[in-house]
Each structure stands twice: as structure tokens, then as C-alpha cells.
S.K.: 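For reference, the structure I am asking about is given below.
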Amino acid sequence: FFCSDNSSESTTSTFHITIMSQPNVFIKQSGADSDEYDVELERAVVYPPSPSNLSAAAGDIMNSPDQIDDDAAKAKEERRASSMPKLASPSVNKKALVGCTVLGVVGTIVGVAIGGAAEYKQQQNALAAINGGGGTNPSKSGKSGPFCDTEPSVVCGQTVTGTAVLNEDLFCTDLIVFSTDVVLKTLNAAIKVVGADAVIDCKGHTIRQLTSKSAASCEYSPGALFTNSNKRKKMKEECDLFYQAGIWLADGATAINCNVEHFYDGFLVQNGGEVKKSEASRNRSGVDILDDIPGSMTKISDVYAHSNGDGIRIGGSPMGNVVTIEDFMGKNNLRSGMALRGPNIKVKDSTTSHNVGSGIRVVGMEISNPTKVQFEGTVSSHHNGASIPRAPIQIERHLEPDSGYGVEVTRNKKGSAPFYSDVTVKGELNTYQNGIDGLFISYDSDMVGNMYEPLGFTVEAKGSFNSCNNGGYDIGLSGTANFVDEGTDGYTCETKGGSIDMTDFPTCEDCPDCE
């Protein structure tokens, strides 16, 4: 914090706050005329300041505007006396706080467990007044006024129903150890945005959850989405995640210009919404789309998802729901770049590459509601496969090096085979230099359907599917599929094969000579 009253006798105090992934926080103050000191806190926690207790907290540590005009020497002595490490709260230079600007901190930072509950409460109140973004001082003089930024801040755990703007990075450090079973069993988010007219604009800032573990490699499922469960509690405890989602969009809400890190679901979209011009990294799922009512529309556009478990995951949708993915990049994720399951999915002008698992996974569903995916524009999936030898995630999932597919049509974990899928290529779909097959259809997948629901892998007249230079087959088939070429030379490949007879496969043009 750099604070000054801009007067000739102004005093500048500098706090250096280092927040680390391990549970240690150091707050250091230095001044030209004061001793330097360090206060070590066991951890920092962010709580939303309430208007009711903010002014009271300010009154505990702030003098009235009249008292602020005391001489500088007295103020310095008070600061030294109140800032010794034996106390729970660092001192506050009352004069320096007037007109100050707070940089890089949103919400209320409070210290935990230095000397018991009383010291913890004192630390909470002190720093709440510094960082709370405004408030009044109930002094004897009756005067009141802002002492920092008076604009309302977005804080961890907040629900937005209108428009919210994030002006700084938001760090959420709520602790699992202080949480009740009810909180741990409940689906929650750092920021929840509800309603078709609700918007959060992060202005390029980051919402990050501090955790001692890797959210991307979390192997515990939270269970049923919208019901309290012991599975969710176990997931949060084992993966050290107080908040399940970074930004939770519900009922058509929008997130723009946001970066989210270290959550189970970076962006969680429920029953429609839009994520655009954003980035998700180091989450279990960068973007997770989960609907429980029909008729919703979701759009993901200009989003970069990297270093997650899955880049984007669609967990299944009721009939009539539409999901559009456009200008998406899924790269360096520990599982897949895209995991697609739903009745109406459109992927346009997007790329998946260098993921440990498959670039694009099409996950089948029951015949009454099969997964249907359309590829439009130019979509590419390349260089996918476990490229990091013996990475922990490879050991957990029993992956060998170079074990990813470009496009994989596969099964759902729940239910019994066969699992039904339909793929239509309207534009240009390219798979190349993947660890195993460019296109692989698993043994328990059905891409034929029946007379009431015909399915297949179809390349339309103006479309093309090009699969070349992959580690296994360019087109590998173990399940059943109806390959359709509605135009001419719609397929390009060099090798094809598998456990199913492919003599009736459409003509496959030779791959170009890369040399």
C-alpha cells in the first residue's frame, strides 16, 4: 500500500505482502523514520467486508479527521508502539491513510491464529479497515468520509445479479479447516453471476484460489452437481479447494475478459451462459458446462484453456440445449483439450494441441439422446499424447507416452454400451502428428444408430476430414461407424485399420508429402 495525504508533512508507509502457496504470509513495513519489522501470519484469508462491521472496524483503529492532524512525531511513536511482532495487527499510519491508493488487493485480508481468537479478531478488523474500499469513522466530531477507494469491490463469495467490474486481481484464500460440513458439501464459487442480464467484466484480471495442491490433477469427483454430498466434501478436503468454481454462470449470465486459476471448475456454466475473451488455467476443468433443464444456449468464444485437467468439458445436456464453441484453444491440458457430451454441440475455428490425453473426446450417450457434434470452419487437433515421460497424471491414469488421439469417439463412464454418437464435418477438420490415431472410434461406440435415429461420421459436400502423420492409424476403428462422404475427396488419410472391416470406407486421398 502506498499512502499519502499529499501534504508537506505527509508520511509514506510501504507494506510488502508476499502470499505463497504454502500457508505463510509475511507483512513487512518500512519507513524512512521508522524501524522495519516483520509480522508472520500462518495464512491470509479473504472475507467479504460487510457495511455493518466496516465502520465499526474502522473506528477501532482510526482517529477522526480532526485527530489526523496531530504532529508527525506522535503518529510515528504510535505506529512503532502498535506494530511490534507480539501484537496481532500491524500498525496503521492514520495520516498516511487519507487519500491512499490500494494496489493489488481485493477484499479483506486477515491474519489467522497468531495469538488466539482476540488477536485474530483484532487483525481482521484492522486490515478490513485498510482494504475494505471505504467506510466512515464514527468519531466524536461526527465527521465521516472515505479513506481509500470508495468504489465497491468484488469480493470472494459474492453473487452478482447485475453488472460487476473487477479492477484488480482477486485472491481467494478461505481455509478448508475453518469450514463447516454444510459449506464443504455445497457447490460454491468465488463469484456467482445469475441471470440473462448479469455480467462480470474482469478487465483482464485474475481470480485465483490459493491452495496447497494441484487442482488440475484432482482425482476426486464432487458427485451430483446441484445437491449437497459427501463426495463434494471429500473432493474439497482432499484437493484443498474451498471454492469448487471460480466463476459460476447461471441462467444465461456472461463473463468477459476474465482469467481463473486453481479451481475444480474454472468457469462453471449452468443452464446457459457465455464466456468470452477469457483464460482458464490450472483447474480440474477450464470450462465446465452442466445443464439440468432443457432449452438453454451456451457460447464459449475466444477462450484459451491450458494446463487444466480438461480444457473444456460438457457433462451432458437435455434435448434442445445448444452449446457453441468458437475460437477456442485447448493446450497442454493433463487430460483432453475438449470433452464433448451433449445433443447439440457446434465447434468452430478452434484448436487442441499438446494435451496429455486426446485433443477432442466425443463422449456417447444413450440412443434416446445421443451426442451430436458439428465441426465448422477450421478445427485442428494435433500433437496430442502424453509427452511428459512418467508425469504423475500418466501414472494415475496408466498412460504411456504418446497415448493421445486427435479425435476420440468414446464411451460414457456411466451406463452400459453401446454409447451413441454422431459427427458431422461441415468445414475442415484436421488431425495430425498425434500419439496414436488421428481419429479413433472405440469398441463400445455406435455411430450407426437405428432407423429412428440414424448416426454416422459424415463429411458434407463442402467439408473435408484430413488425418495424416499420426503415431498409429490416421483412422482407427474398433466400434461401429457409418462413414459418409457427401462430396468428392472428403477424406484424406494414409493409413486406416482396426478390429472392424474397413473395405467399404470411402476413398481416402493420400496425405501430402511433408518433405
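As the structure is a prediction and not an experimental result, all values here were calculated from the model.
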S.K.: Would you call Ser212 and Asp240 a side-chain contact if the rule is heavy atoms closer than 4.5 Å?
M.R.: yes
S.K.: Please determine if Lys348 and Asp327 form a salt bridge, counting it only when a charged side-chain N lies under 4.0 Å from a carboxylate O.
M.R.: no
S.K.: Please check: side-chain N/O of Arg313 versus main-chain N/O of Arg341, any donor-acceptor pairing under 3.5 Å?
M.R.: no
S.K.: Any side-chain donor-acceptor pair under 3.5 Å between Ser285 and Asn283?
M.R.: no
S.K.: Between Asn188 and Gln244, is there a donor-acceptor pair closer than 3.5 Å when you use the side chain of the first and the backbone of the second?
M.R.: yes
S.K.: Are the side chain of Ser179 and the backbone of Val177 linked by a donor-acceptor contact shorter than 3.5 Å?
M.R.: no
S.K.: Determine yes or no for a side-chain-to-main-chain donor-acceptor pair under 3.5 angstrom, with Asn355 supplying the side chain and Asn333 the backbone.
M.R.: yes
S.K.: Tell me, with the steps shown, if Ser381 and Thr431 meet side chain to side chain donor-acceptor pair (under 3.5 Å).
M.R.: CA-CA 5 Å; Ser381 184; Thr431 69; over 6 Å; no
S.K.: Which pairs, with at least one residue in residues 208-241 and sequence neighbours excluded, count as a disulfide (SG to SG under 2.5 Å)?
M.R.: Cys218-Cys239
S.K.: By the definition side-chain hydrogen bond (donor to acceptor under 3.5 Å, both in side chains), identify the one residue from Asn257, Asn167, Thr163 that meets it with Asp201.
M.R.: Asn257
S.K.: Count the heavy atoms belonging to other residues, nucleotides or ligands that lie under 6.0 Å from NZ of Lys462, then report whether that count exceeds 12.
M.R.: no
S.K.: For residues Val275 and Ile247, determine if any side-chain heavy atom of one lies less than 4.5 Å from a side-chain heavy atom of the other.
M.R.: no
S.K.: Please test Glu428 against Asn430 for side chain to side chain donor-acceptor pair (under 3.5 Å), starting from the C-alpha separation and ending with a verdict.
M.R.: CA-CA 6 Å; Glu428 182 178 314; Asn430 304 307; 3.0 Å; yes
S.K.: Using 4.0 Å as the upper bound for N to carboxylate O, is an ion pair formed by Lys331 and Glu279?
M.R.: no
S.K.: Ring-plane angle category for Phe465 and Phe457, please: parallel below 30°, perpendicular beyond 60°, tilted otherwise.
M.R.: perpendicular
S.K.: Could you list the residues that satisfy ring-ring contact (aromatic ring centres under 6.0 Å, His included) with His205, not counting sequence neighbours?
M.R.: none
S.K.: With a 4.5 Å cut-off on side-chain heavy atoms, are Leu170 and Cys156 touching?
M.R.: yes
S.K.: Is a donor from one side chain sitting under 3.5 angstrom from an acceptor on the other, for Ser296 and Asn271?
M.R.: no
S.K.: Could you tell me how the ring of His354 sits relative to the ring of His383: parallel (under 30°), tilted (30 to 60°) or perpendicular (over 60°)?
M.R.: parallel
S.K.: What closest approach, in Å, do Tyr405 and Asn384 show between heavy atoms, and which atom pair accounts for it?
M.R.: O-CB, 3.9 Å
S.K.: Indicate whether any N or O donor in one side chain lies under 3.5 Å from an N or O acceptor in the other, for Ser336 and Asp310.
M.R.: yes
S.K.: Listing request: all side-chain hydrogen bond (donor to acceptor under 3.5 Å, both in side chains) pairs with a residue in residues 366-377, at least two apart in sequence or in separate chains.
M.R.: Lys372-Glu453
S.K.: Should we count CG of Asp197 as having more than 12 external heavy atoms under 6.0 Å?
M.R.: no
